[in-house]
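Below is one structure, written out as structure tokens; comments come after it.
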Amino acid sequence: MKFDAAYYENVIDQHSYERLGLGTIDFALAGMSPDDLRTKWVCHTGARGFAEAVADEQPAIVTTGVGLGGPPHAGTLFQLLRAIKLQQCGLDVQIVLGDLDSYNARRTPLDSVRRLADQYEEFVLGLGFDAKRGVLRRQEGETDVLATAFLLSRHLDDEDFHWAEEDLAGLYRNHGVFDHLSYGMKQATLLMAADFVHLLREGRHVLVSLGVDEHKYVALARRGAERWGLPAERLSGIYTKMIPGLGGLPKMSKSIPGSGIDASMCAEDIRLLLQADTDTAPTDDGSALLQMYACLPEVDGREYDRASAARRAGSPEWLTVREQLVERLISLFSHWPK
């Protein structure tokens, strides 16, 4: 599987999502223009309605979450930075640390996920998330959300969970991450859906930001919410491209060793690894360096287009962008508590 233009178009065609690109999107969000949005996300479902709710000053919140399978890799870092960017643009934002997700789906010992949750909390705050203006929480101890999960479970069947497996499930199986959809994995998926639906029960418009490989999780939550009688149309999703993996792998993942850079690496190792990237992918989507650059909060649509053109031309400007990107990543990862 490759997360390239053909993959994104296939996802969009199959699930009736709308491409976030010039000429096809007619809304902005929180001061970000369509061109700016295009640098951070690739497709959405219902996001226009969310943007309209924000403009009308209706109760609205963005939510995202990260699994605690180990130190954050580049994809995790950029998912967090997108959430922080939206908070800085004035939106209410929630970040959920998936401690029970890791405990159930990956069978990670509880003391280990608690230590990781401590580290992630410090990391998110170090990146600039304002916990006084938003919500930074774990899953453990949130009994109201756990109650929502229990109530939601009545409206979902076993076949729903099999349908909602993320697109990388086969890849993870090949790399020994898991071999089947276990009961614990279903419980983790249910709780993730409840993280979204609970906000809906509170009377808000909800926008879930996830990787495009996880798009079915939002669809699963909408399916359960609709059967429950909740206003599922107020639950929307916006999906990011995958950061291409190193060594020919389709995605940088904590679950696949050697696929990318992560916060456990020393600065010099990160620098050497990225400097060694030949960046020979024929398309922008296949360039790990360009896609990481696009995810930086300070990069808007115009800057992305300029960097993309410089890369295609092989100009000195692209070499400068590469050098700046490497040092920026090292600086960002330095917030991870060792």
Side-chain angles (χ1 to χ4, degrees), residues 2-9 12 19-25 28 31-43 72-82 84-85 88-89 127-128 211-212 239-253 258-263 265-334:
K2 291 185 178 181
F3 289 98
D4 53 14
Y7 169 82
Y8 298 130
E9 294 295 346
I12 293 163
R19 185 64 178 267
L20 294 189
L22 292 172
T24 59
I25 185 169
M32 298 179 70
S33 71
D35 199 24
D36 296 338
L37 288 171
R38 182 172 57 86
T39 70
K40 304 290 188 282
W41 291 276
V42 65
C43 57
H73 61 85
T76 306
L77 168 67
F78 291 128
Q79 193 67 267
L80 293 170
L81 289 177
R82 287 183 184 94
I84 293 168
K85 170 73 173 180
Q88 292 171 345
C89 288
L127 291 174
V212 70
Y239 309 104
T240 65
K241 291 182 181 180
M242 298 294 98
I243 303 297
L246 303 175
L249 292 166
K251 173 190 174 185
M252 288 194 183
S253 171
S259 63
I261 57 175
D262 65 65
M265 301 169 63
C266 69
E268 190 56 28
D269 285 346
I270 292 175
R271 183 177 291 110
L272 291 174
L273 193 61
L274 294 179
Q275 288 175 345
D277 192 307
T278 56
D279 193 40
T280 56
T283 65
D284 287 350
D285 288 341
S287 170
L289 294 172
L290 182 61
Q291 294 310 315
M292 286 191 285
Y293 176 74
C295 294
L296 293 175
E298 62 270 22
V299 174
D300 60 18
R302 179 180 297 181
E303 290 171 333
Y304 174 82
D305 290 342
R306 186 169 60 244
S308 174
R311 174 182 175 269
R312 289 195 300 270
S315 72
E317 183 181 357
W318 174 239
L319 296 178
T320 301
V321 168
R322 285 186 57 148
E323 292 169 358
Q324 293 173 344
L325 172 65
V326 170
E327 298 310 314
R328 184 81 165 94
L329 287 172
I330 290 171
S331 174
L332 291 165
F333 275 133
S334 70

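Hydrogens, waters and symmetry mates are skipped; everything else that's a heavy atom, side chains included, is used.
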E327 and R271 ion-paired at < 4.0 Å = yes

query = Is a salt bridge present between D305 and R302, judged by a nitrogen-to-oxygen distance below 4.0 Å?
reply = no

ask   = Hey, mind stepping through L289 and L274 against side chain to side chain contact (heavy atoms under 4.5 Å, CB included) and telling me if it holds?
value = CA-CA 8 Å; L289 294 172; L274 294 179; 4.2 Å; yes

Atom [atom1] in [X], atom [atom2] in [Y]: separation rounded to 0.5 Å?
| X | Y | atom1 | atom2 | result |
| --- | --- | --- | --- | --- |
| F78 | K85 | CZ | NZ | 14.0 Å |
| T320 | L325 | OG1 | CG | 12.5 Å |
| L127 | I84 | CG | CD1 | 4.5 Å |
| R328 | Y293 | CZ | OH | 11.0 Å |
| L319 | Q324 | CG | CD | 11.0 Å |
| D277 | L272 | CG | CG | 13.0 Å |

request  = Just do the side-chain hydrogen bond (donor to acceptor under 3.5 Å, both in side chains) check on S287 and D284 with the steps written out, would you?
outcome  = CA-CA 5 Å; S287 170; D284 287 350; over 6 Å; no

remark   = Residues at least two apart in sequence or cross-chain that pass side chain to side chain donor-acceptor pair (under 3.5 Å) with D269, listed by chain then number, are none

task = For E303, enumerate each residue passing the side chain to side chain donor-acceptor pair (under 3.5 Å) test, keeping only those at least two apart in sequence or located in another chain.
result = none

For a quick test of reading the model, state the closest non-hydrogen atom pair linking [X] to [Y] and the distance between them.
| X | Y | value |
| --- | --- | --- |
| V42 | T240 | CG1-C, 4.1 Å |
| C295 | K40 | O-CE, 3.9 Å |
| T280 | R311 | C-NH2, 4.5 Å |
| M265 | G260 | SD-O, 4.1 Å |
| F333 | H73 | CZ-C, 3.8 Å |
| T39 | Y304 | CG2-CB, 3.7 Å |

request  = Would you mind reporting whether L77 and L329 have side-chain heavy atoms less than 4.5 Å apart?
outcome  = yes

ask   = Is the closest side-chain heavy-atom distance between V212 and K241 below 4.5 Å?
value = no

query = Does G301 offer a backbone N or O that forms a donor-acceptor pair with the side chain of D36 under 3.5 Å?
reply = yes

message = Is there a side chain to side chain contact (heavy atoms under 4.5 Å, CB included) between D279 and L290? Walk through the geometry before answering.
response = CA-CA 9 Å; D279 193 40; L290 182 61; 5.7 Å; no

